[in-house]
**Q** 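Following this message is one structure expressed as structure tokens.
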Amino acid sequence: MNQISREEVEALYQRLYEEAEASGYHLNPDKEFTLALVEGLLVNEARYGYWACPCRLATGIKEKDLDIICPCDYRDADLLEWGTCYCGLYVSEEVLRGEQPLQPIPERRPPEGQRPQEQPARPPAVSVTQLPLPVWRCRVCGYLCAREQPPAVCPICKAKRDRFERFL
Amino acid sequence: MEAKGSVPGIHNQHHVLFYALSTCIWCKRVRQFLESKSVAFDFVYVDLLSGAEQNAAVEQVRRWNPSVSFPTLIIDGKRCIVGYRPEEIQEALGL
Ligand code: SF4
């Protein structure tokens, strides 16, 4: 097992905390719990090269694991329905304030073959041929932008370019 | 961390098989719970296996839990508890 230092874990925790708060998300206030998950992200970065979700089995093949790279495609739906992401790294405002308990939640990720990255690229639902630029959608948080290519990093949730899909 | 092993305990009348991931926090909670209650169990950290051995473990988990999520606890080859559910585990083991 790769050894990750406490300093590295603390540094990433701090960065994720600031990014989350800046864009309307919240890390789990139970710091030991959250640090353990952040360490899991670093362990997965060392063994797979990306932040595979600590609580899911990754294949190590990036294209197959795309939907479970943290923040995963399921985080926002789980926050809305359960007040927490699958791991418990991100929580809702209610959980943050202690108004709702944190509980383990069911797995939302569909079985192999039905995952977002396995679907054929959808043609835009509405054809707006007049648009001067394509519109891209972040699969993690829903951020939309009209430009030639999606941004390298989602300005809202920090997901990387490969998590964007053509929307219009 | 070892990929597979057995933990001894006073409560050993049931066969408890624990499928987990080494980085998963809810798996850690289940393990702590079993240890705190002195339950004997066998564990498999599926993410620490590779190749055919990992595939075989995944297929075992899938038989009980089609979404292949972790932690998955199999008791006496009869009952499966998915996730950190201490009350359910306690009841299933008659603790
Ligand atoms: S956001 Fe998704 S990938 Fe990240 S820790 Fe939570 S459940 Fe895992």
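This structure is a prediction, so every number in the text was calculated from the model and none was measured. When reading the values below, keep in mind they use all heavy atoms of this one structure, side chains included, and skip hydrogens, waters and symmetry mates.
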**Q** Report the C-alpha distance between A:Glu45 and A:Leu41 in whole Å, list the side-chain angles of each, state the deciding distance to 0.1 Å, and finish with yes or no for side-chain contact (heavy atoms from CB on, under 4.5 Å).
**A** CA-CA 6 Å; A:Glu45 179 171 23; A:Leu41 290 176; over 6 Å; no
**Q** Under a 4.0 Å threshold between the charged nitrogen and the carboxylate oxygen, would A:Glu118 count as salt-bridged to A:Lys64?
**A**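 No, no charged N to carboxylate O under 4.0 Å.
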**Q** Pick one of side chain, backbone, both or neither for B:Val58, based on which atoms fall under 4.5 Å of a heavy atom in chain A.
**A**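 It is the side chain, since no backbone atom gets that close.
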**Q** Please determine which of A:Arg139, A:Arg163, A:Arg56, A:Gln117 meets the side chain to side chain donor-acceptor pair (under 3.5 Å) test together with A:Asp67.
**A**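 That would be A:Gln117; it is the only one of A:Arg139, A:Arg163, A:Arg56, A:Gln117 passing the side chain to side chain donor-acceptor pair (under 3.5 Å) with A:Asp67.
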**Q** Please lay out, stage by stage, how B:Trp26 and A:Tyr86 fare under the test ring pair (Phe, Tyr, Trp, His ring centres under 6.0 Å).
**A** CA-CA 10 Å; B:Trp26 297 108; A:Tyr86 183 64; 8.9 Å; no
**Q** Which region of A:Pro111, side chain (C-beta onward) or backbone (N, CA, C, O), has a non-hydrogen atom less than 4.5 Å from a non-hydrogen atom of chain B, or is it both or neither?
**A**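 Contact with chain B: none, neither part.
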**Q** So which part of B:Leu21 gets closer than 4.5 Å to some heavy atom of chain A, the side chain, the backbone, both or neither?
**A**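 Only the side chain of B:Leu21 comes within 4.5 Å of chain A.
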**Q** Relative to chain B, which of A:Pro106, A:Cys87, A:Pro104 shows the most heavy atom pairs under 4.5 Å?
**A**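 Between A:Pro106, A:Cys87, A:Pro104, the count favours A:Pro104.
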